[in-house]
Amino acid sequence: MMIGFAIGAVFSACVGGAIWMVVQCASTDEAPARLPDTARRERAEKFFGGDPNRNVRGGQEMRPRW
């Protein structure tokens, strides 16, 4: 009896969590699509930041640090 109750509680928690994640993802994906291109570009630049004075055109060889 207790094992069935425990399995039911875990199952309902998993289903509830999955539904919550789907609803959260659907609501957050819609907002950036309505923004104009310039606002999206500014938002991405603000999020990723970066140093405008640093030259990153040529790249740098990646070497292992043993």
>> Apply the hydrophobic cluster definition, ILVMFWY joined by side-chain contacts under 4.5 Å directly or through others, and give me every member besides Val10.
In response: none

> With ILVMFWY side chains joined below 4.5 Å, transitively, what does Phe48's cluster contain besides itself?
Replying inline: Phe47

Taking only distance into account, with no hydrogens and no angle test, what donor-acceptor pairs under 3.5 Å do side-chain atoms of residues 12-20 form with protein atoms, sequence neighbours excluded?
unit_1, atom_1, unit_2, atom_2, d
Ser12, OG, Gly8, O, 3.1
Ser12, OG, Ala9, O, 3.1

> With a cutoff of under 4.5 Å between side-chain heavy atoms, which Ile, Leu, Val, Met, Phe, Trp and Tyr residues group with Ile3?
Replying inline: Ile7

